[in-house]
Amino acid sequence: AHGDVIGAEHFSHKQVMYVFCRNSTLEQTTAPAWFADPLLDADASGSFPVEAGSTQPVWLSVDVPRSAAPGLYTGTAALTIDSAHRKLSATIPISLEVWNLTVPDLAASSFTLTFSVGGISGAYYNNSAAATRQFFDMLTSYRMPPDRLYRSTPIPSEEADYLVSTGTKWFNLLDLANVVLGLQKGDLDKQATSEHRQYGLYREPSRWTAEECIVHANVSDEILNKALAVLAPLVSRSVGMGYASRTYIYGFDESPPACLDAIRRVFGAAKARWPHIHTTAVLNWPSIPADIPVDTWVFEYHLWDKSPESHIRTSAEQFMAKRPDRRIFFYHCVDPASKTQLNSFIDRPLMETRLLFWDAAATSPAVSGWLYYAVNSWNITKGSSRFISRINNTARSAFNVARDFGSDVRIANGDGVLIYPGENGPVASVRMEAFRDGAEDLELLRMLPAEKAQPLV
């Protein structure tokens with residue numbers, strides 16, 4: 001491209017590894033099989049073992065520098081096979097076309113993404129803050145901004161500063177509803193250990209059932225003020241350090257409509273004390289009152305497609321019209337599990353993961369974000385490995401990717417697992433590559449006028 005060069009330092013290659021996916025009635029899969037997902041780094045020499053008689057995919061990536069001039073770039077990659085019996089070499093031509101377009105960085109993006117990270121637990125990395133940073137760095141490099149939804153302890157200052165430095169534009173200060181529930185039940189101090197406080201880990205969210213919502217709608221002023229006292233220094237620092245507009249408080253994760261009064265009580269108290277504070281809730285309700293004290297309404301993406309049956313589109317428009325700073329986000333998790341809907345399960349076609357964000361682009365400019373609830377919900381079971389490692393020097397790993405939903409056949413392969421624990425740190429996945437491609441696609445589609453983008457998707 002006019003003498004410009006994209007150097008070898010911008011290229012990387014990884015070994016595509018395989019994990020075993022079990023049959024599942026939840027996902028309606030047809031048979032158990034090995035599926036490609038983990039992307040294992042080559043060793044210091046750029047090599048990795050390949051099983052004799054097998055076909056081994058290699059994932060080649062190029063990080064195009066923003067300074068690269070548009071045009072066609074050509075080059076070669078060298079491949080060497082060195083076995084006890086023979087040595088083979090090949091030169092593979094590479095052609096790369098750079099467009100005259102620049103994908104906005106995270107801070108300038110028109111679309112907000114958040115991928116919730118659980119604690120990098122002692123079973124893997126001794127709750128190391130350095131290990132947590134490694135995982136955050138990898139997710140950020142994949143345009144998957146890390147966050148912690150179910151945060152029942154205050155966000156550490158160093159974590160907030162890190163997220164701001166990476167351009168992350170939306171992160172959680174506290175799961176206020178979970179704090180209230182923990183105080184009400186008297187178990188918050190018991191579960192929030194010193195490790196939780198030091199590393200900002202979370203305990204599993206306590207779902208507000210319909211019965212609990214009725215009780216906690218009348219939570220005492222004493223309990224509510226204790227919860228707000230936990231939040232107060234976080235709000236004060238976010239304002240003082242100039243990042244308040246990037247933050248929110250979370251709560252009432254997938255709670256039923258019976259929680260409306262509890263939401264008014266808890267979130268209403270927070271907004272009464274700090275009018276600027278941004279509240280976020282995942283509520284898969286057919287409609288919500290326009291005056292609910294929620295600023296970002298998150299619901300499963302496929303519910304939008306059920307309109308006008310569910311009336312959710314009309315309700316979303318009324319919700320947005322109430323105040324211009326409100327937002328609508330989509331999300332997915334183990335649902336929707338039907339084969340007629342897109343999901344990011346390992347045993348689904350990889351293109352589904354990428355097309356999730358095309359769905360967002362096709363829906364409405366009013367939808368401005370996407371949430372995913374867990375990227376490292378690892379589950380060690382009998383016979384599975386703690387880390388992504390090779391079985392007998394092959395490309396197969398015994399790492400368990402099946403999430404159990406009550407029986408051996410009601411499982412989801414890869415649900416809540418997008419990034420893997422490696423012996424030396426995080427291991428990416430082909431689905432992370434697809435998420436990044438989809439996020440970049442979305443940015444490009446949103447550069448187009450709506451009348452041109454809609455026919456494309």
Side-chain angles (χ1 to χ4, degrees), residues 1-21 33-99 101 103 138 141-143 346-354 385 387-399 401 418-420 422-438 440-441:
H2 309 294
D4 284 10
V5 174
I6 299 176
E9 68 274 13
H10 295 286
F11 288 78
S12 63
H13 66 281
K14 298 177 185 291
Q15 182 180 17
V16 179
M17 298 282 290
Y18 292 81
V19 286
F20 190 74
C21 292
W34 292 92
F35 284 82
D37 198 46
L39 294 174
L40 202 60
D41 287 327
D43 64 22
S45 68
S47 303
F48 49 79
V50 176
E51 182 181 12
S54 67
T55 299
Q56 175 61 64
V58 179
W59 197 279
L60 180 64
S61 299
V62 55
D63 183 10
V64 179
R66 292 184 179 274
S67 59
L72 184 65
Y73 293 75
T74 59
T76 58
L79 174 66
T80 301
I81 301 173
D82 191 355
S83 72
H85 303 291
R86 56 180 175 172
K87 185 172 183 177
L88 300 173
S89 296
T91 300
I92 302 170
I94 297 174
S95 177
L96 174 68
E97 183 177 2
V98 175
W99 294 354
L101 291 169
V103 176
M138 177 173 281
S141 72
Y142 275 84
R143 295 187 73 89
I346 294 173
D347 43 352
R348 290 288 186 86
L350 183 60
M351 184 58 72
E352 286 196 21
T353 299
R354 182 171 184 170
S385 60
F387 299 101
I388 287 293
S389 55
R390 299 180 180 88
I391 299 175
N392 299 327
N393 231 22
T394 69
R396 297 185 295 275
S397 174
F399 190 85
V401 296
L418 294 178
I419 193 168
Y420 293 93
E423 294 182 359
N424 299 310
V427 172
S429 66
V430 296
R431 288 174 300 147
M432 288 175 64
E433 295 281 354
F435 268 121
R436 178 166 56 188
D437 287 343
E440 291 175 344
D441 292 343

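No experiment lies behind these values; they were computed from the predicted model shown. Any value given below was found using the heavy atoms of this structure, including those in side chains, with hydrogens, waters and symmetry copies removed.
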Legend entry - D43, CG: over 12 other non-hydrogen atoms inside 6.0 angstrom: yes

Legend entry - E51/R396 ion pair, N-O < 4.0 Å: yes

Legend entry - Minimum heavy-atom distance between A68 and V98, given as atom pair plus value: O-CG1, 4.5 Å

Inset, instruction - Identify, with sequence neighbours excluded, every residue that meets side-chain hydrogen bond (donor to acceptor under 3.5 Å, both in side chains) alongside Q15. - result: Q56, R390

Inset, instruction - Specify the closest pair of heavy atoms between I346 and A36, including all atoms of both residues, with the distance to one decimal. - result: CG2-O, 4.2 Å

Legend entry - Side chain proximity check, R354 to D441, heavy atoms < 4.5 angstrom: yes

Inset, instruction - For the pair H10 (side chain) and V64 (backbone), establish whether a donor and an acceptor sit closer than 3.5 Å, ignoring hydrogens and angles. - result: no

Inset, instruction - Starting from the C-alpha separation in whole Å, work towards a yes-or-no answer on side chain to side chain contact (heavy atoms under 4.5 Å, CB included) for I92 and L79. - result: CA-CA 7 Å; I92 302 170; L79 174 66; 4.2 Å; yes

Legend entry - CG on L96 to OG1 on T74, rounded to 0.5 Å: 10.0 Å

Inset, instruction - Taking all heavy atoms of I94 and all of A77, pick out the closest pair and write down the distance. - result: CD1-CB, 3.6 Å

Legend entry - Residue pairs involving residues 73-96 (criterion salt bridge (Lys or Arg N to Asp or Glu O under 4.0 Å); sequence neighbours excluded): none

Inset, instruction - Look at the rings of H13 and F48 and say which category their plane angle falls in: under 30° parallel, 30 to 60° tilted, over 60° perpendicular. - result: tilted

Legend entry - Nearest-0.5 Å distance, CG of residue D41 to OG of residue S12: 8.0 Å

Legend entry - Heavy-atom check, side chain of S429 versus side chain of P38, under 4.5 Å: no

Legend entry - T80 vs L88 side-chain heavy atoms within contact, under 4.5 Å: no

Legend entry - Distance-minimising heavy-atom pair for V103 and R66: O-NH1, 2.9 Å

Legend entry - From CG (D437) to CZ (R143), nearest 0.5 Å: 11.0 Å

Inset, instruction - Working to the nearest 0.5 Å, report the span between CG of L40 and CD of E423. - result: 9.0 Å

Legend entry - CG on D347 to CH2 on W34, rounded to 0.5 Å: 13.5 Å

Legend entry - Contact summary for L72 and S95, nearest pair of heavy atoms: CD1-OG, 3.3 Å

Inset, instruction - Please check if the distance between the ring centroids of F35 and Y18 is under 6.0 Å. - result: no

Legend entry - pair D37-V401: side-chain heavy atoms closer than 4.5 Å: no

Legend entry - Heavy-atom side-chain contact between Y142 and E433 under 4.5 Å: yes

Legend entry - Nearest-0.5 Å distance, CZ of residue F435 to CG of residue L350: 10.0 Å

Legend entry - Candidate pair V19 and Y420, rule side chain to side chain contact (heavy atoms under 4.5 Å, CB included), full reasoning: CA-CA 11 Å; V19 286; Y420 293 93; 4.2 Å; yes

Legend entry - Min side-chain heavy-atom separation V5-Y73 under 4.5 Å: no

Inset, instruction - For T353 and R431, work out which heavy atoms get closest and say how close. - result: CG2-O, 3.7 Å

